[in-house]
2 protein chains.
Amino acid sequence: MFKPLDPLLHSELRLAIISLLIGLQEADFVFLKEKTKATSGNLSVQLDKLRDAAYIEINKSFKGKIPRTTCKITPQGIAAFQSYIDALQSYLNPQ
Amino acid sequence: MFKPLDPLLHSELRLAIISLLIGLQEADFVFLKEKTKATSGNLSVQLDKLRDAAYIEINKSFKGKIPRTTCKITPQGIAAFQSYIDALQSYLNPQ
DNA sequence: AAATTTGGTTTATAATATAAACTACTTTAT
DNA sequence: ATAAAGTAGTTTATATTATAAACCAAATTT
């Protein structure tokens, strides 16, 4: 009847992050922070959780003197998002 | 960009409860428990939260000698569900 | 009449989300 | 040169939420 919802994606901020990354090749911390309106702390924590699950990759570098954190969705992340949407259907249109 | 997701509905069990009640006129505790696979304790707590938000009404009676708790969605509950689905769209198809 | 089942509620614990405080710089103004 | 303010985060503490375990009262079964 109801498919379980991946708890990692069933979070407003993490879902927003993945939504953005699905459509983009790469996005950096500042961009994600602006788009999601998240606080830095919350964003930092949730990005780590997504990376720990291998849903995204996080790369740290420098743009001149300024640190830059870029994020990229992985194939696992894409698959998880697809499953999440699929599972949601079972709630929106239950049999 | 991203519409906020009503935290009351953004919960696997509460979403399942509302999903069921949307399609039904009324459902009782035992029915909801079977369909959602929730434990009694969890179901009890989440039903109270939905009632506190006036998303559902809870009615207690007896079926013969046995207690019976029935639930019914309210107009506010229906509206909240609609908004939730609408907000979800902003995550599944972000601009 | 003891054990089990039904239909729950309450309470305790674990997990999660969030904000506040902090770190390590860089840039700008004095 | 130094102080103040800004950037880009991380860490830690706290509040909220979800979940399970323990419990209760009555009914039913053995």
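Keep in mind that what you see is a predicted model, and the values were worked out from it rather than measured.
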Expressed as a whole number of angstroms, how long is the span from B:E12:CD to C:dA15:P? 16 Å
Side chains of A:Q82 and A:D86: donor-acceptor distance under 3.5 Å anywhere? no
Counting only side-chain N and O atoms of B:R68, is one of them less than 4.0 Å from OP1 or OP2 of C:dG8? no
Atom-pair distance (CG on B:L13; C1' on D:dT17), nearest Å: 12 Å
For A:R14 and C:dA17, is the shortest distance between a side-chain N/O and OP1 or OP2 below 4.0 Å? yes
When A:D48 and A:P67 are each assigned the nearest nucleotide of DNA chain D, the 5'-most assignment goes to A:P67
Salt bridge present between A:D52 and A:K49 (N-O < 4.0 angstrom): no
Expressed in angstrom and rounded to an integer, what is the separation of A:I66 atom CD1 from D:dA5 atom P? 19 Å
Rounded to whole Å, CG of A:L47 lies from P of D:dA8 at a distance of 15 Å
Within residues 30-44 of chain B, find the residues that approach DNA chain C with a heavy atom at under 4.0 Å, and present them sorted by residue number. B:V30, B:S40, B:G41, B:S44
Where does the angle between the aromatic ring planes of B:Y84 and B:H10 fall among parallel (under 30°), tilted (30 to 60°) and perpendicular (over 60°)? tilted
Please confirm whether the backbone N or O of A:K3 pairs with a side-chain atom of A:Y91, one donor and one acceptor, at under 3.5 Å? yes
Rounded to the nearest Å, what distance is computed from the NZ atom of residue B:K65 to the P atom of nucleotide D:dA25? 19 Å
Would you indicate what B:K60 reaches in the nucleic acid, counting non-hydrogen atoms under 4.0 angstrom: base, sugar-phosphate, or nothing? sugar-phosphate
Given atom CG of B:D52 and atom C1' of D:dT17, what is their separation to the nearest angstrom? 14 Å
Taken to the nearest whole Å, CG/A:L15 to P/C:dT16 is 16 Å
Report yes if a side-chain nitrogen or oxygen of B:K49 is closer than 4.0 Å to either non-bridging phosphate oxygen (OP1 or OP2) of D:dA18; otherwise report no. yes
